[in-house]
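To keep things clear, I will list the structure first and then write my remarks on it.
Letters A, B, ... are given to chains in the order of the sequence lines, protein chains preceding strands, and every chain is numbered from 1.
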Amino acid sequence: MTTVRVPAGWPATEEEARAVQDELRRRVVLDEPGPAPGTGHVTGVDVAYDDERDVVAAAAVVLDAATLDVVAESTAVGRISFPYVPGLLAFRELPTVLAALDALPCPPGLVVCDGYGLAHPRRFGLASHLGVLTGLPTIGVAKNPFTFTYDAPATPRGSATPLLSGAEQVGSALRTQDGVKPVFVSVGHRTTLPTARAHVLTLTPKYRLPETTRHADTLCRRALKEATAPRPEPAARAAADPTVREP
DNA sequence: GCGACAG
DNA sequence: ATCTTGTCGC
């Protein structure tokens, strides 16, 4: 586990954060097919908070895309860098997520984020932001439609309908299990929407949410719990480990 | 002006 | 996101 501070120059106000988005959005790459689903590595990232103690924990879990086996994982903890503001989620989550990705022992491949990419008020959600900062292909998978609209996909797993911002398609509502509420998929960086949907279907053989996010969710919650766990008394620590001498 | 609003 | 155990159902 690594520890993170809020990066120097990180936006302090909503106005600054929106200006950063308007600047960085121009660097999103949308004309690459991206990694083929079922090959190489796929990495899930997620974050858990303790607002009371001002602690945030992030996890990155790398899966073998063909077998969905976990091949590597890492965590990072830090201080909360921004309040939750719809449309500015990246400024709250990214510093710790970047630290967790940096701590991985292998290349992450495609990164699957909790939330949105292009489906965003300024077309620059968390997944796109992470992609631009790291250069990695990214997609967003959200559990709610945010401010967007959609028609219910047909019942079978794999059915999809457009996720709309007015008349503009910003993503897909994708049914990942028969008759279960869809997830909301959007492109982050360096891939396409059909490819993003194919990745999500590959990652959901059994549950509604991708295996990547399920693993990352479990791991970041555990990391948060450990980071906020009460410290053992010095005497108890000395008793538990006689090789430790307290100054 | 009011309400809604990824995690 | 988070508060939170057992429980009803396939």
Would you mind classifying the nucleic acid contact of [X] as base, sugar-phosphate or nothing, using non-hydrogen atoms under 4.0 angstrom?
{"X": "Ile80(A)", "result": "nothing"}
{"X": "Asp50(A)", "result": "nothing"}
{"X": "Gly140(A)", "result": "nothing"}
{"X": "Ala48(A)", "result": "sugar-phosphate"}

Any salt bridge linking [X] with [Y]? Criterion: basic side-chain nitrogen under 4.0 Å from a carboxylate oxygen.
{"X": "Asp54(A)", "Y": "Arg79(A)", "answer": "yes"}
{"X": "Asp217(A)", "Y": "Arg214(A)", "answer": "no"}
{"X": "Asp46(A)", "Y": "Arg221(A)", "answer": "no"}
{"X": "Glu168(A)", "Y": "Arg123(A)", "answer": "yes"}

Rounded to whole angstrom units, what separation is found between the [atom1] atom of [X] and the [atom2] atom of [N]?
{"X": "Glu93(A)", "N": "dA1(C)", "atom1": "CD", "atom2": "P", "result": "9 Å"}
{"X": "Tyr150(A)", "N": "dA6(B)", "atom1": "OH", "atom2": "P", "result": "13 Å"}
{"X": "Leu89(A)", "N": "dA1(C)", "atom1": "CG", "atom2": "C1'", "result": "9 Å"}
{"X": "Leu130(A)", "N": "dA6(B)", "atom1": "CG", "atom2": "C1'", "result": "15 Å"}
{"X": "Leu126(A)", "N": "dA6(B)", "atom1": "CG", "atom2": "C1'", "result": "8 Å"}
{"X": "Asp51(A)", "N": "dC3(C)", "atom1": "CG", "atom2": "C1'", "result": "13 Å"}
{"X": "Leu163(A)", "N": "dA6(B)", "atom1": "CG", "atom2": "P", "result": "13 Å"}
{"X": "Arg92(A)", "N": "dA6(B)", "atom1": "CZ", "atom2": "P", "result": "13 Å"}

[N], OP1 or OP2 - any side-chain N/O from [X] closer than 4.0 Å?
{"X": "Tyr84(A)", "N": "dA6(B)", "result": "yes"}
{"X": "Asn144(A)", "N": "dG7(B)", "result": "yes"}
{"X": "Lys143(A)", "N": "dG7(B)", "result": "yes"}
{"X": "Arg221(A)", "N": "dA1(C)", "result": "yes"}

Quiz item: Out of dC5(B), dA1(C), dA6(B), which nucleotide sits closest to the side chain of Tyr116(A)?
Solution: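 Looking only at side-chain atoms, Tyr116(A) lies closest to dA6(B).
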Quiz item: Do the ring planes of Phe91(A) and Phe82(A) sit parallel (below 30°), tilted (30 to 60°) or perpendicular (above 60°)?
Solution: tilted
